[in-house]
Protein chains: 2
Amino acid sequence: MDGKIVNLKTKLEIYKAMTDGANFADCPVRDVIHGINGKWSPLLVMALAEKPYRFGELRRLVPDISQRMLTQTLHELQRDGYVHREVFPTKPPSVEYSLTDLGRSMFVPLYQLVQWAELNHEAVREARASFDARI
Amino acid sequence: MDGKIVNLKTKLEIYKAMTDGANFADCPVRDVIHGINGKWSPLLVMALAEKPYRFGELRRLVPDISQRMLTQTLHELQRDGYVHREVFPTKPPSVEYSLTDLGRSMFVPLYQLVQWAELNHEAVREARASFDARI
DNA sequence: AGTGCTGGTCTCTTTTCGAGACCACCAACA
DNA sequence: TGTTGGTGGTCTCGAAAAGAGACCAGCACT
């Protein structure tokens, strides 16, 4: 545990050292986290970790994402190297999205976080309820 | 690995089953992830995992956050039960923020993800560069 | 000809974010 | 007795991002 805290101080300095560079992208950790961090990115990575999906399948799998955000999020995930996009020359051309090796590697810690969320959502919900009740 | 995928399918159904409820907050996993997922939340949790900080200290530690977003993010983290806010009756009243047990528990998987980001930011940067070059 | 499926793009509105001014309180200083 | 500085915020306003939904070309089937 102590070792983690020492390492953390290093990370804090990474965070901090880059902030006076005035450019958000100058801090690699924040930059990468930001790419994973989007509203829909974790959900899509979770889906694609199961198996490759086509565009329309993803749209049906996640009905409350707008087509615009689906396109955009997949594009960002592809740009960051997490997702591979392949077009098949079928009669209506179909497009398949799948995780790359990098994406599968990133999925491991992401999955830990999602697992934590599933195990602890009750506690979070209670915390929110009692916080809101105090007001 | 196979076990993970089976569990994942369960999670996908959690994601999916709640979407036709039309309410974003109906899916507990997405709801919790959304709370962790903010632009500044991971950074502040990382900072507070090291040691408690006062408001002004955090502001100086993270110079490129606006005071408004610092207030707001800390408030959300407090509401979700990750952060404890304590006011000390000094002459100018000082406010200290610290992680709760829930926050420290959440920090564990979050730290894994940040660690991954630090180890792989080079790969992500290269992926971006080659993607942008292809256009 | 009309309908439907493919994977998108474009536009418009609403929500969120960021920068910075402002505020009350008190302490030390001149 | 102003005056400055530090405390932890709030308020307002313009910019950026997200969401809803119309639209599109291309082809197959009927």
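Here the structure is a predicted model, which means the values were calculated and not measured. First the proteins, then the strands, lettered A, B, ... as listed; each starts at 1. Computed from heavy atoms alone, side chains included, the values below leave out hydrogens, waters and symmetry copies.
For A:Tyr53 and C:dG7, the shortest distance from a side-chain N or O to OP1 or OP2 is not below 4.0 Å. Listed pair B:Lys39 / C:dG18 meets the phosphate criterion, a side-chain N or O lying under 4.0 Å from OP1 or OP2. Residue B:Arg60 places at least one side-chain N or O under 4.0 Å from the OP1 or OP2 atom of D:dT7. The phosphate of D:dG9 has OP1 or OP2 within less than 4.0 Å of a side-chain N or O from B:Arg85.
In this structure, B:Glu96 places its CD atom 14 Å from P of D:dT7, rounding to the nearest Å. Summarising the geometry, the separation between CG on A:Leu58 and P on C:dG7 is reported as 9 Å, rounded to the nearest angstrom. Per the geometry, CZ belonging to A:Arg59 stands 15 Å off C1' belonging to D:dG19, to the nearest Å. Computed from coordinates, the B:Tyr97 OH to D:dT7 P distance equals 14 Å when rounded to whole Å. In this structure, the CG atom of A:Leu44 is 13 Å from the P atom of D:dA18, given to the nearest Å. Between the CG atom of A:Leu70 and the C1' atom of C:dG7 there is a distance of 10 Å, given to the nearest Å. A straight line from NE2 of B:His75 to P of D:dG8 spans 16 Å, rounded to a whole angstrom. Rounding to whole angstrom units, CD of residue A:Gln72 and P of D:dA17 are separated by 9 Å.
Considering CG of A:Leu48 and CZ of A:Arg104, their distance stands at 10.5 Å, rounded to 0.5 Å.
Within 4.0 Å (heavy atoms only), B:Phe88 reaches no atom of the nucleic acid at all. B:Arg54 comes within 4.0 angstrom of sugar-phosphate atoms only, judged by non-hydrogen atoms across all strands, and of no base.
Looking at the side chain of A:Arg68, the nearest of the listed nucleotides D:dG9, D:dA20, C:dG7 is D:dA20. Closest approach to the B:Trp40 side chain among C:dG18, D:dG8, D:dG26 is made by C:dG18 (side chain taken as heavy atoms from C-beta onward).
Two rings, from B:Tyr97 and B:His75, have their centers 6.0 Å or more apart.
A salt bridge links B:Asp31 with A:Arg128: the closest approach of a Lys/Arg side-chain nitrogen to an acidic carboxylate oxygen falls below 4.0 angstrom. Ion pairing between B:Arg30 and A:Asp64 holds under the 4.0 Å rule for side-chain N and carboxylate O.
When the nearest nucleotides of DNA chain D are assigned to A:Met69 and B:Ser94 by heavy-atom distance, the more 5′-ward of the two goes with B:Ser94. For A:Gln67 and A:Lys91, each mapped to the nucleotide of DNA chain D holding its nearest heavy atom, the one lying further toward the 5' end belongs to A:Gln67. Place A:Phe55 and B:Gly38 on DNA chain C by their nearest nucleotides, and A:Phe55 ends up nearer the 5' end.
Residues passing the side-chain hydrogen bond (donor to acceptor under 3.5 Å, both in side chains) test with B:Arg68, sequence neighbours excluded: none.
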